[in-house]
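Each chain gets a letter, A, B and so on, in the order its sequence line appears, and its residues count up from 1.
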Amino acid sequence: MIEWSDDKIHSFQITLLDWYDHNKRDLPWRQDHDPYHVWISEIMLQQTQVQTVIPYYERFMADFPTIEKLASADEGKLMKAWEGLGYYSRARNLQKAAKQLVDDYHGKWPKTSEALQQLAGIGPYTAGAIASIAFNQAVPAVDGNAFRVFSRLLEIDDEISQPHTRQLFEKIIGKIISKDRPGDFNQAVMDLGSSYMTAANPDSSHSPVKEFDQSFIDGIELNYPVKNKKPRPKAITYYGLVVRSSAGILMQKRPDTGILADFWTFPLVTETELLTFDGKDEFLTESDMMTALTRYFKHNYQLLLNIQPLPVKAVIHTFTHQKWTIHLLAAELSSKVNLSFFPGNWFSQQDFLDTAFPKVQQKMTERITSLDA
DNA sequence: GATACGTGGCA
DNA sequence: TTGCCAAGTAT
C-alpha cells in the first residue's frame with residue numbers, strides 16, 4: 001500500500017471532482033439532495049445494478065412519495081412494489097425505518113452517520129452515503145466501488161470481505177475525501193467504479209485518475225481488490241404440488257424467517273425431508289416418491305391427496321447460496337377435506353395478480369400456465 | 001466473523 | 001452451464 005502527500009490528495013480531489021462535474025450520470029435520484037430520495041435509491045442499489053433500479057425507483061416514488069406515505073403503506077402493496085428486486089428484508093426494513101422516523105424522530109432526519117445507522121436497514125455504507133450526499137457531512141461511503149477504486153489506486157492488499165478492512169478503508173478515504181464536496185466526491189468514486197474502473201474490463205488507460213492509479217502504473221490493476229472466492233450454491237431438490245379446487249390453487253405461506261420469508265408458494269417439500277420421513281436413502285421409482293409424498297401430507301396436515309406427475313420441465317432457480325430444482329406434481333384433494341391443519345390458502349386468479357411473488361414462484365406459475373395454453 | 005439473504009447480466 | 005459481479009445489512 002502506498003500513501004499520498006497532502007498535495008497529491010488535493011490534486012486528486014480537483015481531478016476527480018472536475019471529471020465528475022462534466023461526466024456525472026443523470027439519474028432519477030440525482031435531481032435533488034432530498035434525504036428521502038437519497039435513502040430509497042441507496043437501499044435499492046444495494047447489490048443491485050443501476051439499470052435494474054431505475055424503473056423500480058420511479059414507481060416507488062409515485063406510490064410512496066413521502067416518509068409518511070411509506071410508513072403508513074399497506075405491506076402487501078409495498079412488497080408488490082419491491083417484487084423482483086430481491087433481498088426483500090430491504091423493503092421491510094424500509095418501512096420499519098420510516099415508522100422510526102415518524103414516531104421516534106418526529107419526521108426529522110438525524111444528520112450524522114452514527115445516528116443514521118440506528119435506523120433499520122441502514123449500515124455504515126448507506127449512512128455515509130446519506131450523510132454526505134443529503135447533509136454534506138465529510139464521511140466516506142465505502143461500497144464495492146470504493147473498495148475497488150481505492151484498492152487499485154493505492155495497492156491496498158487487505159482482503160475486502162474482512163470487517164476490519166472496512167475500517168481501514170474508512171480511515172484512508174476519510175483523509176482523501178473532499179471536505180467541501182463530500183457527497184459529490186463519494187458519488188464520483190461510484191461513477192468512476194462503474195465506468196473506467198470496473199471489476200472485469202477496466203479501461204484504466206483512459207481513466208481521468210490514471211496518473212493516481214498505482215496498480216495501473218504497475219500493470220497489476222486486476223489483482224485488486226483482493227477478495228475471497230464464494231462457495232457454490234448448495235443443490236436442493238424439491239417437489240412442488242399444484243393443488244386445484246373450485247376455489248383456486250392451494251398456496252403455502254413460508255416461515256417468517258429465512259429465505260423468501262413470508263412469501264406464498266406452491267406447497268414445497270425437499271427430497272431430503274421426504275426421504276427422511278420415508279426412512280429411505282433414495283427413491284427407486286417415481287411411484288415410490290409419490291406414495292411417500294401422499295403419506296407425508298396425510299401425516300403432517302391430514303390432507304388426502306391423489307398425486308400424479310405433471311408433463312413440464314423441472315424449475316431450476318439459483319439463489320446466492322442455494323440452487324433449487326423443483327419437480328412439479330399435480331395433486332387432487334380427495335372428497336371433502338379440512339384445511340385447518342395446513343398453513344395455506346386457496347388463491348384465485350385475482351389473488352395471483354394482487355400478490356407479490358418471488359421469482360422462483362413466478363417460474364412455477366409459468367410452467368402451469370403453459371400447460372393450459 | 002462467517003453466513004444468509006434475490007435477482008439479472010455477462011463471458 | 002458455471003462463476004462472478006452489482007451503490008450491503010443483519011445476525
Side-chain angles (χ1 to χ4, degrees), chain A residues 24-25 27-30 37-57 79 82-94 96-97 116-130 132-133 140-149 159-167 169-170 183 185-195 197-202 222 225 227-236 254-263 265 316-325 356-363:
Chain A
K24 67 178 174 186
R25 289 174 291 179
L27 300 168
W29 46 88
R30 284 184 176 174
H37 298 163
V38 176
W39 174 42
I40 300 301
S41 66
E42 290 300 340
I43 298 296
M44 286 186 172
L45 285 161
Q46 290 171 8
Q47 305 292 286
T48 310
Q49 295 188 332
V50 167
Q51 57 177 17
T52 301
V53 166
I54 290 175
Y56 279 91
Y57 178 84
M79 294 314 292
W82 204 269
E83 181 181 40
L85 255 191
Y87 285 159
Y88 297 97
S89 65
R90 290 185 294 175
R92 300 189 179 106
N93 281 334
L94 220 38
K96 191 183 294 182
L116 286 163
Q117 287 183 60
Q118 299 307 308
L119 297 167
I122 296 185
Y125 162 73
T126 305
I130 297 172
S132 63
I133 298 170
V142 185
D143 68 340
N145 287 306
F147 276 124
R148 187 170 58 257
V149 166
E159 208 282 309
I160 63 168
S161 72
Q162 296 294 322
H164 180 74
T165 304
R166 164 177 296 282
Q167 297 176 31
F169 275 74
E170 286 174 346
F185 180 97
N186 284 331
Q187 293 182 91
V189 171
M190 298 179 208
D191 279 17
L192 195 56
S194 60
S195 56
M197 297 186 71
T198 57
N201 297 98
L222 289 181
K227 190 190 295 192
N228 285 339
K229 287 177 189 166
K230 292 167 186 169
R232 73 159 47 182
K234 180 186 177 184
I236 303 176
R254 295 182 57 77
D256 61 9
T257 57
I259 197 165
L260 305 180
D262 284 328
F263 277 102
T265 68
I316 297 174
H317 187 82
T318 306
F319 303 93
T320 308
H321 291 85
Q322 300 177 17
K323 178 181 179 179
W324 291 7
T325 301
F357 294 104
K359 190 56 64 175
V360 66
Q361 176 56 45
Q362 292 178 13
K363 288 182 182 176

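Distance, A:L45 CG to C:dG8 C1': 11 Å, rounded to whole Å. Atoms NZ (A:K363) and C1' (B:dG8) sit 10 Å apart, rounded to a whole Å.
Under 4.0 angstrom from either OP1 or OP2 of B:dG6 there lies no side-chain N or O belonging to A:H317.
Looking at heavy-atom distances under 4.0 Å, A:A200 makes no contact with the nucleic acid at all. Residue contacts shown for A:I43 are absent, as no nucleic acid heavy atom lies under 4.0 Å away. Using a 4.0 Å heavy-atom criterion, one finds that A:R254 contacts no nucleic acid atom at all. Note on A:L27: a base of the nucleic acid sits closer than 4.0 angstrom, heavy atoms only. Note on A:R148: only backbone sugar-phosphate atoms sit closer than 4.0 angstrom, heavy atoms only; bases stay farther off.
Projected onto DNA chain C by closest heavy-atom contact, A:E42 and A:K230 fall at different nucleotides, the more 5' of which corresponds to A:K230. For the pair A:G86 and A:P231, both in contact range of DNA chain B, the more 5′-proximal nearest nucleotide belongs to A:P231.
Checked for salt-bridge contact, A:R92 and A:D256 miss the test: no charged N lies under 4.0 Å from a carboxylate O.
Relative to the side chain of A:K323, the nucleotides B:dG1, C:dT2, C:dA7 differ in distance, and C:dT2 lies closest. With C:dA7, C:dC4, B:dC5 as the choices, the nucleotide that has an atom nearest any side-chain atom of A:K229 turns out to be C:dC4.
Taking atom P on both B:dA2 and C:dA7, the two are 23 Å apart, rounded to the nearest angstrom.
A cation-pi arrangement is not found for A:R148 relative to A:F169, the charged atom failing to lie both closer than 6.0 Å to the ring centre and inside a 45° cone about the ring normal.
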